[in-house]
Amino acid sequence: MAHQQQIVAGVAGRYALALYELAKEAQAVEETGALLEQFQALIETSEDLARLVRSPVYSVEEQVGALKALLEAMGIGGFAANLILLAAKNRRLAKIEEIIQTYRKLLAEERGEIAADVISAEQLSAAQLEILKGEIAATLGQNVQITTHTDPEILGGLILKYRSKMIDDSLKTKLQNLKIMMKGVG
């Protein structure tokens, strides 16, 4: 229970937990998760949708109208669509990716998996992802559900976040540490 409280902290956590409980009651947890994943994939591949979701410039009416049309066209309905539209109506659309990520963590916990976030400088290939997943699972002794993000600013390497831990093996951090050490030498 204490771990679940860590997962559901903040606005995103409250939205994700409410959605999760509703979906669980209706036995639609997996379906809802799949639809949220589909929406997340759309955000990652469409600059226009990402702008609509993240920018406060658009009015509630513009966001809701555009999202209704998009969700219908993509076949995203049910609890997932209701959550996305509710977030837009409540001016919380900028938090939707964090809500989806928190929902993933709740789903992973129910499955007995560990939800991990991996940040890399470039998109990981399917083969690299499978190797990474295997290594993390072997180290932690549990199945792992990985969510990937790209951040070119880390230059290389990876940043791994799971539960309350973070392992930063990025080139950017290594260079910063080297710079600090070099200042101490002179």
Side-chain angles (χ1 to χ4, degrees), residues 4 7-120 122-130 132-133 136-137 143-152 161-162:
Q4 191 179 47
I7 292 173
V8 299
V11 171
R14 289 192 299 273
Y15 274 78
L17 183 60
L19 175 65
Y20 180 79
E21 289 174 351
L22 284 171
K24 190 171 185 173
E25 190 176 298
Q27 298 180 344
V29 174
E30 295 289 337
E31 176 189 340
T32 302
L35 293 172
L36 289 174
E37 291 289 334
Q38 185 180 350
F39 186 72
Q40 179 66 42
L42 288 171
I43 293 171
E44 291 170 4
T45 57
S46 170
E47 288 183 31
D48 291 336
L49 179 58
R51 194 173 316 110
L52 177 75
V53 165
R54 296 175 186 147
S55 176
V57 175
Y58 299 101
S59 71
V60 170
E61 294 78 19
E62 290 172 320
Q63 286 179 327
V64 169
L67 287 170
K68 278 183 181 179
L70 176 68
L71 294 172
E72 187 178 321
M74 296 306 298
I76 300 174
F79 292 121
N82 290 345
L83 170 80
I84 295 163
L85 294 171
L86 178 67
K89 289 175 186 172
N90 290 344
R91 299 299 288 169
R92 299 279 194 238
L93 195 56
K95 294 278 187 187
I96 196 66
E97 292 175 280
E98 191 179 339
I99 295 167
I100 293 170
Q101 183 178 16
T102 304
Y103 186 88
R104 276 189 203 124
K105 289 177 182 177
L106 290 168
L107 192 55
E109 188 173 276
E110 181 178 284
R111 293 176 182 154
E113 299 174 337
I114 293 176
D117 295 317
V118 174
I119 302 170
S120 59
E122 295 179 354
Q123 188 71 29
L124 298 174
S125 71
Q128 290 172 321
L129 201 54
E130 281 305 309
L132 183 62
K133 189 175 182 177
I136 295 169
N143 287 335
V144 179
Q145 180 188 30
I146 294 179
T147 303
T148 60
H149 308 280
T150 56
D151 181 0
K161 298 177 185 178
Y162 66 96

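Each residue takes its place number in the sequence, starting with 1.
Contact of the I43 side chain with the R54 side chain is registered, since non-hydrogen atoms from C-beta on lie closer than 4.5 Å. Between H149 and E97 there is no side-chain heavy-atom pair separated by less than 4.5 Å. With contacts defined as side-chain heavy-atom distances shorter than 4.5 Å, the pair L71/L85 qualifies. With contacts defined as side-chain heavy-atom distances shorter than 4.5 Å, the pair F79/E31 does not qualify. Under the 4.5 Å side-chain criterion, counting only non-hydrogen atoms from C-beta, L86 is in contact with Y15. Counting heavy atoms from C-beta outward, L70 and F39 have side chains that approach closer than 4.5 Å. You'll find the side chain of K68 reaches within 4.5 Å of the side chain of V64, heavy atoms only. Side-chain contact between L49 and L67: present, with at least one pair of heavy atoms (C-beta onward) separated by less than 4.5 Å.
Considering CG of D117 and CZ of R104, their distance stands at 8.0 Å, rounded to 0.5 Å. Put simply, OG1 on T147 and CD1 on I119 are 11.0 Å apart, with the number rounded to the nearest 0.5 Å. Between the CD1 atom of I84 and the CG atom of L36 there is a distance of 6.0 Å, given to the nearest 0.5 Å. In this structure, NZ in K89 is found 12.5 Å from CD in Q63, a value given to the nearest 0.5 Å.
When all heavy atoms of Y20 and Y103 are compared, the closest pair comes out as CA-CE1, 3.5 Å. Between I146 and L129, the shortest heavy-atom contact is CG2-CD1, 3.9 Å. Residue L42 comes nearest to M74 through the heavy atom pair CD1-CG, 3.7 Å, listed as atom of the first residue, atom of the second, then distance. Residue R91 comes nearest to S59 through the heavy atom pair NH1-C, 3.6 Å, listed as atom of the first residue, atom of the second, then distance. Across all non-hydrogen atoms, the minimal contact from A12 to I99 is CA-CG1, 3.6 Å. Nearest heavy-atom pair across A80 and L35 is CB-CB, 3.6 Å.
A donor-acceptor contact closer than 3.5 angstrom links the side chains of Q40 and E44.
Other residues, nucleotides and ligands contribute only 12 or fewer heavy atoms inside 6.0 Å of the CD atom of E122. Within a 6.0 Å sphere centred on CD of Q38, other residues, nucleotides and ligands contribute more than 12 heavy atoms.
Not one N or O on the side chain of E98 forms a donor-acceptor pair closer than 3.5 Å with the backbone of K95.
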